[in-house]
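Letters A, B, ... are given to chains in the order of the sequence lines, protein chains preceding strands, and every chain is numbered from 1.
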Amino acid sequence: MPQNNIVITMPDNSTRNYRSGITGMEIASDISKSLAKASIAIKLDGKLSDLSLPIEQNVTIEIIKRDHDDALELIRHDTAHVMAEAVQNLFPGTQVTIGPAIENGFYYDFARDEPFSTEDLPKIEKEMRKIIERGSKFEREVWDRNEAIAYFKNKGEIYKAELIEDLPENENITIYRQGNWLDLCRGPHLPTTRHIGNGFKLLKVAGAYWRGNSNNAMLTRIYGTAWRNEKELKAYLHQLEEAEKRDHRKLGTEMDLYHFQTEAQGSVFWHPKGFTIYNQLEGYIRRRLDNAGYKEIKTPQLIDNKLWEASGHWGKYRENMFVVPDEIPSTDENAPVVSDKAFEKLMALKPMNCPAHVQVFNQGTKSYRDLPLRLAEFGCCHRNEPHGALHGLMRVRQMTQDDAHIFCREDQITGESVAFCDLVKTVYSDLGFDDVKVVLALRPDIRAGNDEIWDKAENGLRQALIEAGLEFEEAENEGAFYGPKIEYHIRDAIGRSWQCGTLQLDFVLPKRLNASYIGKDGAKHRPVMLHRAILGSLERFIGVMIESYAGKLPLWLTPTQCVVATITGKADNYAREVHELLLKSGIRSELDIRNEKINYKVREHLVKKIPVLFVVGAREAEEKTVAIRRLGSKAQDVVNLNQAIQNLKDEAIPPF
RNA sequence: GCCGCGGUAGCUCAGUGGUAGAGCGCGUCAUUGGUAAUGACGAGGUCGAGAGUUCAAUUCUCUCUCGUGGCACCA
């Protein structure tokens, strides 16, 4: 019987004929010995596969070597498998669950009565090195579904059995073996464990819910990082250390910007320097909004729960609210602070501004001519966040949103959305953020309104993103219950992504709170509401900025823009004069006439990240000049005083 | 909220079953010095809170609290 011939197309479009059933490794060997040695996987029609997998039909192949981008994911995934074996070798009775490759590394979730501690990590690493050294082949097997379930159940691996039970009926159950150990896995894998190399390290132990659901058991997750070699690993670990140095929580203390304390957990005590940044940022946004046709308002913090009931927040969202009894508290030490009856009359700190903004809209009668009406507020909101969620400035319990609600007609949605997207783009660019991820969050399972409305809403936002020329990705199920949203995410120093700006379409709240306007036809109509924020919250955005700039903010945002430092006491009077002139020019200046050496002063101010130093001694006083030293440069420029002030003044002008 | 780890001077951190230490910062004095730390002296802490074990607890155990790495939730 003649052998089946198949045609293999190479990346350069040349073709080769092979017998059916040949493996990637055999093709590599056929091309050259060195290629066979260097190859770790193969792409069949663009899909990553094992080198050992028999090829049975015509395909285009690409042989993957260690330096290929896709190699990292394989290395990471395989390291996870090896870790799982190591853990089961060392801690019998531990169940394995899932262990994927992730950005920069991998993790594996284990179920074990006794949780792992950080001290176990070196032991596990040592065992992993043994397994890698062993060089077992990764061998792929296809198992019968029921046999697989029985096998894992019999081994006491109930999580694995559950995973297999939930796989679609038509999917092959593939098992990968490495020596005597095996795991359910889709693959693909490297040829052997030795191909993993030594560029890996276990980093941390964490808890994680089985299948990401907080009703399920808590598993122990071990995170690791894995790279092609030790050099890459070291570079990554170094990068992590550098990132830690720019953590806004660390810099916030060092730069004396703000603090937190237990009596007000999750709420910021802004210090003078930090609040300068806050005010500058708020002022900038205010100017931008004024110019974009927004009207600024201010609404109450404390609002009767009747409004929250009407808005719908008193339902599920209540668990995020701070509730306050509306009763005069007793001062009698022996009596309860408030009576039982107090709980019949509750108020709540607003967790969001929308219902209050609808109240402003609802005053008087609105005409279609009034729309769009853009109501803006630097709205102070309180949210009773779960304790584990709090994180420096990034996640707080009291925040100020740069919030606004646009009340408009349906035909104005796209126009307003496009205008907002443009506004966000220029604001982020003014603030120095170019790497922003835009997400269109689509309808969740639990939602208000019918599909027709959702179709319209989602298409409206999608259209706006396209018209604004923004690249974006779509996220199923991530929308709010009342409408889809556009989310702007910015990364922090260590790569965590935070949602900042947002645009949310809402057909529900205007109805619930009975907002209406008189149309051209003389009849009442329901306005559409666009919730939108550019920074998201001032707190979070400042946190992101501190990290992004590593504390060296643009001059207009810097709390202390200039320090006038003297070399000798003889220059004190001149220094005072220079300092006064700077203040009069609107420069945030500080005077340093302490009895310290100039070396000491220069060092101290540079460490504090003061961007500009005006150094003055007897010579400068005599010549009416200043010796300028800038952060990040050793140069000393002696400049005429008036010129120096003018230059600084020009440079410190905020954008817009 | 859940799992792990932590809380010692203003900050960063050592340390111990017999009520504590360093560096920086702070104060005083001397020093008037040209661009990354002048020197000397000094003042600071119920060792996160409460309970238990012990002759004795900052140290061991438990509970709470806050922080932290994740998870879940979210701007």
Side-chain angles (χ1 to χ4, degrees), chain A residues 107 109 112 114-120 203-223 247 249-250 253-254 256 259-266 317 319-320 351-352 379 381 383-396 399-403 478 480 485 487-490 494 496 498-502 504 531 533-541 543-544 565-572 593-608 613-620 627-631 633-636 638:
Chain A
Y107 67 76
D109 286 348
R112 180 178 176 231
E114 199 184 327
F116 297 101
S117 86
T118 325
E119 279 136 43
D120 297 324
L203 295 178
K204 55 200 176 191
V205 181
Y209 295 107
W210 167 236
R211 301 196 143 177
N213 185 332
S214 57
N215 294 322
N216 290 343
M218 173 70 64
L219 307 171
T220 302
R221 174 172 296 178
I222 299 179
Y223 281 95
D247 187 315
R249 292 166 301 180
K250 195 175 155 74
T253 307
E254 280 172 18
D256 191 19
H259 83 272
F260 288 94
Q261 65 186 58
T262 58
E263 288 80 356
Q265 58 156 311
Y317 201 80
E319 66 186 15
N320 291 308
M352 45 191 63
C381 296
R383 293 186 187 174
N384 203 340
E385 299 287 356
H387 289 59
L390 300 177
H391 183 92
L393 292 176
M394 304 299 200
R395 190 81 181 267
V396 291
M399 62 172 155
T400 306
Q401 297 179 316
D402 61 324
D403 204 3
E478 294 287 318
K485 44 183 180 171
E487 299 171 351
Y488 293 82
H489 296 262
I490 304 181
I494 50 176
R496 284 182 293 212
W498 298 93
Q499 185 185 318
C500 293
T502 184
Q504 309 179 7
H531 308 251
I534 301 172
L535 307 180
S537 83
L538 281 131
E539 288 79 2
R540 175 177 289 183
F541 205 88
V544 170
T566 50
I567 296 168
T568 81
K570 292 186 197 95
D572 284 0
I593 52 173
R594 289 174 305 169
N595 177 11
E596 296 290 352
K597 290 193 168 158
I598 191 61
N599 286 318
Y600 180 89
K601 294 185 185 180
V602 166
R603 177 177 192 279
E604 186 182 273
H605 296 123
L606 293 182
V607 167
K608 281 187 177 171
L613 295 184
F614 280 7
V615 177
V616 295
R619 214 152 62 214
E620 286 76 12
I628 304 175
R629 170 141 185 184
R630 294 204 154 236
L631 184 59
S633 158
K634 290 199 167 176
Q636 302 165 32
V638 179

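A:E119 is linked by a side-chain contact (heavy atoms from CB on, under 4.5 Å) to A:S117, counting only residues two or more places apart in sequence or in another chain. In this structure A:H531 satisfies the ring-ring contact (aromatic ring centres under 6.0 Å, His included) test together with A:H405, A:Y482, sequence neighbours excluded. Looking at residues two or more places apart in sequence or on another chain, you find no salt bridge (charged side-chain N to carboxylate O under 4.0 Å, His left out) involving A:R383. Residues satisfying the salt bridge (charged side-chain N to carboxylate O under 4.0 Å, His left out) criterion with A:R629, sequence neighbours excluded, are absent altogether. Listed by chain and residue number, A:H387, A:L390, A:R397 satisfy the side-chain contact (heavy atoms from CB on, under 4.5 Å) test with A:Q265 (two or more places apart in sequence, or in another chain). Taking A:R112 as the reference, A:F91, A:T94, A:E114, A:F116 meet the side-chain contact (heavy atoms from CB on, under 4.5 Å) condition, with sequence neighbours excluded. Considering only residues two or more places apart in sequence or on other chains, A:D403 meets the salt bridge (charged side-chain N to carboxylate O under 4.0 Å, His left out) condition with none of them. A:R603 pairs by the side-chain contact (heavy atoms from CB on, under 4.5 Å) definition with A:V607, not counting sequence neighbours. With sequence neighbours excluded, no residue forms a side-chain hydrogen bond (donor to acceptor under 3.5 Å, both in side chains) with A:E254.
With its glycosidic angle more than 90° from 0, B:G67 is assigned anti.
Using a distance-only test at 3.5 Å, with no hydrogens or angles considered, a donor-acceptor pair links the side chain of A:S537 to the main chain of A:R540. Judged by distance alone, with hydrogens and angles left aside, the side-chain atoms of A:K204 form no donor-acceptor pair with the main-chain N or O of A:I222 at under 3.5 Å.
For the pair A:D109 CG and B:G4 C1', the interatomic distance rounds to 14 Å; values are reported in whole Å. If you measure from atom CG of A:D120 to atom P of B:C5, you get 10 Å, rounded to the nearest angstrom. Taking atom CG of residue A:N216 and atom C1' of nucleotide B:C71, one finds them 12 Å apart after rounding to whole Å. The CG atom of A:D247 sits 15 Å away from the C1' atom of B:U12 (whole-angstrom rounding). Protein atom NE2 of A:H259 is 13 Å distant from nucleotide atom P of B:G10, rounded to whole Å. When the P atom of B:C26 is taken as reference, atom CG of A:D256 falls 12 Å away, rounded to whole Å. Rounded to a whole Å, the OH atom of A:Y107 is 15 Å from the C1' atom of B:G69. Between A:N215 atom CG and B:C3 atom C1' there is a gap of 16 Å when expressed in whole angstrom units.
Side-chain N/O atoms of A:Y223 include one lying less than 4.0 angstrom from OP1 or OP2 on B:C71. Phosphate contact (OP1/OP2 of B:A75, side-chain N/O of A:K485, threshold under 4.0 Å): present. Regarding contacts with the backbone of B:G69, a side-chain N or O of A:H391 is found under 4.0 angstrom from either OP1 or OP2.
Among the duplex regions that RNA chain B forms, those built from at least three successive Watson-Crick or G-U pairs under 3.5 Å are B:1-7 with B:65-71, B:10-13 with B:21-24, B:26-30 with B:38-42, B:48-52 with B:60-64, ordered by first number.
If you check every strand for non-hydrogen atoms under 4.0 Å, A:G501 touches nothing. Among the atoms of the strands shown, base atoms are found under 4.0 Å from some heavy atom of A:T568. Across all strands, A:M394 comes closer than 4.0 Å to base atoms (heavy-atom distances). Looking at heavy-atom distances under 4.0 Å, A:R221 makes contact with sugar-phosphate atoms alone, never a base. A:A533 comes within 4.0 angstrom of no nucleic acid atom, judged by non-hydrogen atoms across all strands.
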| request: Go through the steps to decide whether A:E487 and A:K485 satisfy the test salt bridge (Lys or Arg N to Asp or Glu O under 4.0 Å), and finish with yes or no. | output: CA-CA 6 Å; A:E487 299 171 351; A:K485 44 183 180 171; 3.6 Å; yes
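Atom name P, nucleotides B:A9 and B:G23: the rounded distance is 16 Å, in whole Å. Across B:U35 and B:A75, the matching C1' atoms stand 44 Å from one another, rounded to whole Å. Comparing the same atom, P, in B:C13 and in B:A57 gives a spacing of 29 Å after rounding to whole Å. Comparing the P positions of B:G50 and B:G15 gives a spacing of 25 Å, expressed to the nearest Å. Going from the C1' atom of B:A14 to that of B:G21 covers 7 Å, rounded to whole Å. Atom name P, nucleotides B:G27 and B:A43: the rounded distance is 16 Å, in whole Å. Atom name P, nucleotides B:U28 and B:G18: the rounded distance is 38 Å, in whole Å. Nucleotides B:A20 and B:U68 place their C1' atoms 26 Å apart, quoted to the nearest Å.
The base of B:C71 lies outside donor-acceptor range of the side chain of A:R211, with no N or O pair under 3.5 Å. Evaluation of atom-type donor-acceptor distances gives a pair under 3.5 Å for the side chain of A:Y209 against the base of B:G1. Side-chain atoms of A:S537 come within donor-acceptor range of the base of B:A75, with a qualifying N/O pair under 3.5 Å.
Of the two residues contacting RNA chain B, namely A:G569 and A:Q499, the nearest-nucleotide position lying further toward the 5' end is that of A:G569. Positionally, the nearest nucleotide of RNA chain B for A:A206 lies more toward the 5' end than for the other of A:R395 and A:A206.
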Can you give me the N/O atom pairs linking the protein to nucleotides 62-67 of chain B at distances under 3.5 Å, or say none if there are none?
from  : atom 1 : to     : atom 2 : distance (Å)
B:C66 : OP1    : A:Q265 : NE2    : 2.2

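Considering all non-hydrogen atoms of both residues, A:V396 and A:M399 come closest at CG2-CB, 3.7 Å.
No hydrogens or angles considered: a donor-acceptor pair under 3.5 Å links the side chains of A:Y223 and A:R221.
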| note | Its contact letters, B for base, S for sugar-phosphate only and - for none at protein heavy atoms under 4.0 Å, make nucleotides 35-40 of chain B read BBBB--
